[in-house]
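Convention: sequence-line order gives letters A, B, ...; per-chain numbering from 1. Scope of the values below: all heavy atoms of this structure, side chains included, with no hydrogens, waters or symmetry mates. Not measured: the values here are computed from a predicted model.
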2 protein chains.
Amino acid sequence: MPLFSAKLEYALRSLLYLAQQPPGVPIQSRDIAEAEYIPGPYLDQILAVLKRAGIVRSIRGVGGGYELAKPSAQITVGDIVRAFSGNRSFEPSEALVRDAAETTTIHCIREFQRRASDAIWRLLDSTTIQHLLEQKRLLDQAQSIAPYL
Amino acid sequence: MPLFSAKLEYALRSLLYLAQQPPGVPIQSRDIAEAEYIPGPYLDQILAVLKRAGIVRSIRGVGGGYELAKPSAQITVGDIVRAFSGNRSFEPSEALVRDAAETTTIHCIREFQRRASDAIWRLLDSTTIQHLLEQKRLLDQAQSIAPYL
DNA sequence: TTAATCCTGACTATCCTGATAAGTTATTGT
DNA sequence: ACAATAACTTATCAGGATAGTCAGGATTAA
């Protein structure tokens, strides 16, 4: 499962979009799809996953929609990645895990992989939706001042 | 392209194996395959890639084989990953690169991806075959002292 | 009750990975 | 020269994952 799949990017875009909305007003998946250019039915699947993971909350029926289930400062990119890949991205490929009988060669390679994996998770877990949103606001501001840069 | 594919692990194992051999004596792909439990013909493909990337050198004909093309301290894991994935692992999925028209939302997500990607490359590029080999030697030593640990 | 909305599952196309198979080319020993 | 050896190349294939579509069912507000 690639580190940066379309699915993950769609999820991030959706959450960033939700984070910008006034609280208390549910946003329909259709609005998100249009605003962020995401294929509607595909987005539905993504939102379902985010809901199961407790990242968004949904309200059904007329006037329903989605909203963040917690403050954007408490949603990390790591949470989102985990929601999709069940916590085992970047692990050694399944095919190989069998011969875990393991020479020391294999062992030290796995150790290295673990270190790399940990480094990635640290980064993902230390970045929140709010962080990304702050970046976006800076960009928006810069663009409104010097639009052609 | 997964960060830790079977291909990459096979490559690392092969190179670690080669790095342990006395210099000047070419090692046959068959020997590597047997020693490291790698499917023979598959290993051939991998070695071909490593050769094109200038990581190993080959000698054909009777008594031929493979050897490292440079000292193990000068071969980084990053070099090996690049050899396979043409330098663009961990980049955003192709499907999405089209809408590079790009809202600021997309822009700040890509920025984050770039930061993560850079962090991974720094790690990969700062680890050499020799580093891994040193780890392995420590493990071997520890095991010969306390074999059942 | 009806319309809006979420929700679910099945289905498809396409690509990638891991692997096999078969044949070609180069080098060396006799 | 020629046979043995080993590197090299190309084609092919199965399985799984990704990205996406589609049809319908469940829930709720008006």
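- Atom-to-atom, CD1 of I27(B) to C1' of dA7(D) comes out at 15 Å; the value is rounded to the nearest Å.
- Candidate nucleotides dA6(D), dC8(D), dC6(C) were compared by shortest atom distance to the side chain of Q28(B), and dA6(D) ranks first.
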Worksheet item: Could you go step by step and tell me if E111(B) and R115(B) meet the salt bridge (Lys or Arg N to Asp or Glu O under 4.0 Å) rule?
Response: CA-CA 6 Å; E111(B) 188 69 21; R115(B) 285 218 332 271; over 6 Å; no
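- For the pair G63(A) and G61(B), both in contact range of DNA chain D, the more 5′-proximal nearest nucleotide belongs to G61(B).
- Listed nucleotides dT9(D), dT21(D), dC6(C) differ in distance to A48(B); the shortest reach to its side chain belongs to dT9(D).
- In the set dA19(D), dT9(D), dA7(D), dT9(D) carries the atom at the smallest distance from any side-chain atom of R52(B).
- The S58(A) side chain lies nearest to dC6(C) when the options are dC6(C), dT9(D), dG18(C).
- At the phosphate of dA7(D), neither OP1 nor OP2 sits under 4.0 Å from any side-chain N or O atom of K51(B).
- Residues L18(B) and I59(B) fall into different hydrophobic clusters, defined by Ile, Leu, Val, Met, Phe, Trp and Tyr side chains chained together at heavy-atom separations under 4.5 Å.
- As rounded to whole Å, 8 Å separates atom P of dG20(D) from atom CD1 of I46(A).
- When distances are taken from the side chain of V62(B) to each of dA21(C), dC8(D), dA4(D), the shortest belongs to dA4(D).
- In this view, Q130(B) satisfies the side-chain hydrogen bond (donor to acceptor under 3.5 Å, both in side chains) rule with no residue, not counting sequence neighbours.
- The nearest whole Å value for the distance from the CD atom in E9(B) to the P atom in dA19(C) is 11 Å.
- At dC7(C), one or more side-chain N or O atoms of Y66(A) fall inside 4.0 Å of OP1 or OP2 (strictly under the cut-off).
- Comparing L43(B) and G65(A) along DNA chain C, the residue whose closest nucleotide (by nearest heavy atom) sits nearer the 5' end is G65(A).
- Between L8(A) and P41(A), the residue whose closest nucleotide on DNA chain D is further toward the 5' end is L8(A).
- Looking at the side chain of D44(B), the nearest of the listed nucleotides dC7(C), dA19(D), dC8(D) is dC8(D).
- A straight line from CZ of R30(B) to C1' of dA6(D) spans 10 Å, rounded to a whole angstrom.
- Panel note: side chain Q20(B), backbone L16(B); a donor-acceptor pair is recorded below 3.5 Å.
- dG15(D) atom C1' lies 13 Å from atom OH of Y42(B), rounded to whole Å.
- When the nucleotides dA7(D), dG20(D), dG18(C) are ranked by their closest atom to the side chain of Y10(A), dG20(D) comes out on top.
- Looking at T104(B) and H107(B), their side chains never bring a donor and an acceptor atom within 3.5 Å of each other.
- Whole-Å rounding puts the F4(A) CZ to dA17(D) P distance at 21 Å.
- Atom CG in L47(A) sits about 14 Å away from atom P in dT5(C), given to the nearest Å.
- Comparing I59(A) and Q45(A) by the nucleotide of DNA chain C that holds the closest heavy atom to each, the one mapping nearer the 5' end is I59(A).
- Nucleotide dA6(D) holds its P atom 15 Å from the CD atom of E67(B), rounded to whole Å.
- Looking at T127(A), its side chain never comes within 3.5 Å of a backbone N or O of L124(A) through a donor-acceptor pair.
- Checked by distance alone, R60(A) brings a side-chain donor or acceptor within 3.5 Å of a matching partner on the base of dA26(D).
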